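Note that this is a predicted model, so its numbers are computed, not measured. Chain A is the first sequence line, chain B the second, and so forth, proteins listed ahead of strands; every chain is numbered from 1. Note: hydrogens, waters and symmetry copies are ignored here, and every other heavy atom, side chains too, is used.
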Amino acid sequence: MLTKDELSRIRNTWAEMFPDAQCELTHRNPLELTVAVVLSAQATDALVNKVTPALFEKYQTPEDYVQVSLEQLEQDIRSIGLFRSKAKNIKKLAQSVIEEYDGEIPRSKEDLEKLAGVGRKTANVVASVAFDEPAIAVDTHVERVSKRLGICRWKDSVLQVEKTLMKKIPKDEWSVTHHRMIFFGRYHCKAQSPKCAECPLVDICREGKKRMKKQGRQD
DNA sequence: ATCCCGAGGG
DNA sequence: CCCTCTGGAT
């Protein structure tokens, strides 16, 4: 397990590497953000951003999503993966926003999670990015980085990872740290080829030390 | 535990 | 070819 000093060193390193980390999904309002985050499941932000400009031009209100045919919406988001379930969820989500939330995306995580296609991770992103609520959304990057560095255990569930992070990071730093972890995972501690050789954290990283040793044997 | 599911990188 | 991408519902 990591010591308190090691944790703060990790957070300082992230802050130096990615001082301006923020949400990279293009959006102008809570509805656009919610749709973008739903679309981003198992897809890269870059891919989502290629589709959303035209999508948000065409669909500007929840009513627009309700009125369009399912087939048409599927075509409009086809290039993103999981397009059938996402199209269905977005229509359903828009419907309940109209019926139950007076046409506005709800602010609380509890209400957000009731929307179709919105689970804990998506609710955390919308609450924190659109409404400035402190939250740590645990996605594939945050989970991988936390486990490689030894911030949590390998077998931990995503919920356990989230709880551990919330416990070990000051509340007013949750949102920034969350985005820095995303950037760290996306651009540095990548799933396929992590940059361990040039990583300022290798000396305290279980996974990093393992990988460097393996590389040494091959040389 | 499994399915959904196209795009992009290696 | 294989792996991964800001997951969620069943």
(request) Take the protein atom CD of A:Glu162 and the nucleotide atom P of C:dG7, then report the distance between them rounded to whole Å. (result) 14 Å

(message) Does a side-chain N or O of A:Gln42 approach OP1 or OP2 of C:dG7 to a distance below 4.0 Å, or not?
(response) yes

(message) Using modelled atom types and a 3.5 Å cut-off, is there a donor and acceptor pairing between side-chain atoms of A:Arg144 and backbone atoms of A:Gly185?
(response) yes

(request) Strictly below 4.0 Å, heavy-atom distances to any atom of DNA chain C: list the hits from residues 145-161 of chain A, or just say none. (result) none

(request) Between B:dA7 and C:dG8, how far apart are the P atoms? Round to whole Å, please. (result) 22 Å

(request) Would you grab the first and last nucleotide of DNA chain B (5' to 3') that comes under 4.0 Å of any non-hydrogen atom in chain A? (result) B:dC4 to B:dG9

(request) Grab the CG-P distance between A:Leu82 and C:dG8 for me, whole Å please. (result) 11 Å

(message) Testing the 3.5 Å rule here: is there a donor-acceptor pair between the side chains of A:Glu16 and A:Asn12?
(response) no

(message) Can you confirm whether the side chains of A:Ser157 and A:Gln160 place a donor and an acceptor under 3.5 Å from each other?
(response) yes

(request) Determine, stepwise, if the pair A:Gln95 / A:Glu99 fulfils side chain to side chain donor-acceptor pair (under 3.5 Å). (result) CA-CA 6 Å; A:Gln95 181 79 31; A:Glu99 289 178 357; 2.5 Å; yes

(message) Is it true that, when you exclude A:Lys50 itself, more than 12 heavy atoms of the residues, nucleotides or ligands shown sit nearer than 6.0 Å to its NZ?
(response) no

(message) Over 60° means perpendicular and under 30° means parallel, so tell me whether A:Phe18 and A:Tyr187 are parallel, tilted or perpendicular.
(response) tilted

(request) Find the distance A:Lys190:NZ to C:dC5:C1' and express it as a whole number of Å. (result) 13 Å

